[in-house]
Structure formats: C-alpha cells, structure tokens
Asks: 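My questions will all concern the structure given below.
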Amino acid sequence: METVSCDKEGQMSELVARTGRLQQRYEDGCRLIAGCIPFRYRSPLEGDGAIDGKTVEVLMINSTSGPGLVFPKGGWEDDETVEAAAIREAIEEAGVKGDLLDLLGCYDFKSKTLQDENCPGGLCKAAMFALHVREELQSWPEQNTRQRSWLTIPEALVSCRHDWMRRALNEGFVKWHANHVAGSSNEEDNVQVPAFAGE
C-alpha cells in the first residue's frame with residue numbers, strides 16, 4: 001500500500017508501510033518489537049480527572065486482528081534504531097508525528113500471528129516509548145485499515161485489546177507521566193534506550 005502526502009515545505013513525499021520480516025530483529029527466540037503510547041494534552045472538561053489543569057489523552061488505533069484498540073507497534077528491523085522503529089510505527093499505523101520521549105519499559109507477550117521460523121512460539125519483547133504528538137497526518141500508509149481514537153487514560157484501559165499494552169499504559173505511561181510532570185517541565189528529555197543484547 002502506498003500513500004502520498006505533502007511535507008512541511010509542501011513537497012510531495014511517499015509514505016510506504018514496511019512489510020515482511022526479512023530485516024526483523026530477534027533475540028533469544030523472541031521477536032523484537034518497537035512501539036509507543038502517543039499522547040497529547042487538551043483543556044479539561046468538568047470531572048474528567050485533569051492533571052494540573054490539563055487532561056492527558058492517549059491515541060489508540062483499531063486492531064486489524066479483532067476487537068479492541070491497540071497502540072502503534074511493529075517489528076524492529078536491523079537497519080534502524082529502536083527509537084526510529086517506534087517513530088516509524090507511529091507514522092505508518094496511526095499517522096502521527098511528535099517528540100519521542102522516554103522508554104516506558106519492555107514488555108513480553110506471546111502472539112499467534114507473529115510466529116515464524118525464528119520465533120516458533122510467537123514470543124515477543126516490545127520496547128514502548130512515550131510520544132508527545134505534535135502533528136496528525138491527513139494521509140498515512142495504513143489509513144485504509146486503521147481508525148484513530150483519542151481517549152482518556154481510564155477509557156484507554158477499558159478499551160485496550162491486550163493485557164501487555166494495558167500494563168504498558170498503567171505501569172509504564174501513567175507512572176512515567178506522573179514523574180515527568182512532577183519532576184520536569186522540559187519536554188525535550190533524552191530518550192533511554194532498552195538494553196537488548198543483540199544490538
């Protein structure tokens with residue numbers, strides 16, 4: 001699938017979703033995954049649990065393999081850093097760009113759809129980052145199969161398809177955000193890189 005869009009200078013640029021697993025990274029029989037929890041702030045509505053006068057919303061997309069919502073994620077390939085993979089997945093699957101902030105954690109899960117000869121058990125390890133969204137693209141590679149939904153954190157916890165993503169949101173993002181807001185007003189924090197042995 002191919003989508004054409006304009007960059008900030010108005011120039012045409014191609015956005016093409018990567019497919020296949022030829023460049024996929026593996027470690028100890030696990031497929032390595034990169035993803036993010038995209039978030040933004042909006043003006044608070046009465047009674048919605050705003051933090052310091054701001055309501056945090058996270059962006060979720062529909063799952064293509066069943067009911068429920070998911071965060072953008074996909075295979076980390078051997079020609080990119082884990083950060084670049086997380087940013088690429090946010091663009092491909094959710095059509096958003098922004099500031100990639102901190103690593104929220106690494107989450108193990110098992111997937112029936114991600115089994116292959118390098119990972120026959122479908123074991124995966126996902127590095128999940130916080131992504132402060134600055135731009136929502138009008139056109140993106142998976143727009144024909146993905147719908148975006150901005151949700152409050154309680155709504156996202158209920159809507160989340162996978163337990164490991166719920167943990168990433170609740171144990172990773174919520175705790176990170178509380179520390180980030182309390183400990184720093186600087187949104188240009190350095191990204192921490194996960195320690196996967198195979199790099």
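Predicted model only: the values in this text are computed from it and were never measured. For reference, positions follow the sequence shown, starting with 1.
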Asks: Using modelled atom types only, decide if a donor and an acceptor are shared between the side chain of R167 and the backbone of G172 within a distance under 3.5 Å.
Replies: no

Asks: Between atom CG of L104 and atom CZ of F129, what is the distance when rounded to the nearest 0.5 Å?
Replies: 8.5 Å

Asks: Using 0.5 Å steps for rounding, measure from the CD atom of E27 to the CZ atom of R31.
Replies: 14.5 Å

Asks: Within the structure provided, determine whether Y107 and M128 are in side-chain contact (heavy-atom separation under 4.5 Å).
Replies: yes

Asks: Atom CZ in F71, atom CE in M60: separation rounded to 0.5 Å?
Replies: 4.0 Å

Asks: Please check this pair: side chain of Q24 against backbone of L32, looking for a donor-acceptor N/O pair closer than 3.5 Å.
Replies: yes

Asks: Looking at W150, I'd like to know if the NZ or CZ of R42 sits under 6.0 Å from its six-membered ring centre while staying within 45 degrees of the ring's axis.
Replies: no

Asks: What are the two closest non-hydrogen atoms of W76 and V82, and how far apart are they?
Replies: NE1-N, 3.2 Å

Asks: What is the ring orientation for F39 with W176, classed by angle as parallel under 30°, tilted 30 to 60°, or perpendicular over 60°?
Replies: perpendicular

Asks: Check whether any side-chain heavy atom of N62 sits under 4.5 Å from a side-chain heavy atom of R146, and report yes or no.
Replies: yes

Asks: Enter the distance from L59:CG to I37:CD1 here, rounded to the nearest 0.5 Å.
Replies: 11.0 Å

Asks: Which heavy atom in I153 sits nearest to a heavy atom in L169, and how many Å separate them?
Replies: O-CD2, 4.2 Å

Asks: Would you call R40 and E57 a salt bridge, using N to O less than 4.0 angstrom?
Replies: yes

Asks: Give the minimum heavy-atom separation between M165 and C160, together with the two atoms involved.
Replies: CB-SG, 3.4 Å

Asks: Take the angle between the ring planes of Y41 and H177 and call it parallel below 30°, perpendicular above 60°, tilted in between.
Replies: tilted

Asks: Looking at every heavy atom in both A127 and L103, which two are closest together, and how far apart are they?
Replies: CB-CD1, 4.0 Å

Asks: Okay, side chain of R88, backbone of G74: is any donor-acceptor separation there less than 3.5 Å?
Replies: no

Asks: Which distance, rounded to the nearest 0.5 Å, do you find between the CG of L137 and the CZ of R148?
Replies: 7.0 Å

Asks: Work out which heavy atom in P72 is nearest to a heavy atom in A94; give both atom names and the distance.
Replies: CG-CB, 3.8 Å

Asks: Which heavy atom in G75 sits nearest to a heavy atom in A85, and how many Å separate them?
Replies: O-CB, 4.5 Å

Asks: Return yes if some donor-acceptor pair links the side-chain N/O of E93 with the main-chain N/O of K73 below 3.5 Å, else return no.
Replies: yes

Asks: Nearest 0.5 Å please: distance from the CG atom of L131 over to the CG atom of L101.
Replies: 7.5 Å

Asks: Taking R166 for its side chain and L157 for its backbone only, find out whether a donor-acceptor pair lies under 3.5 Å.
Replies: yes

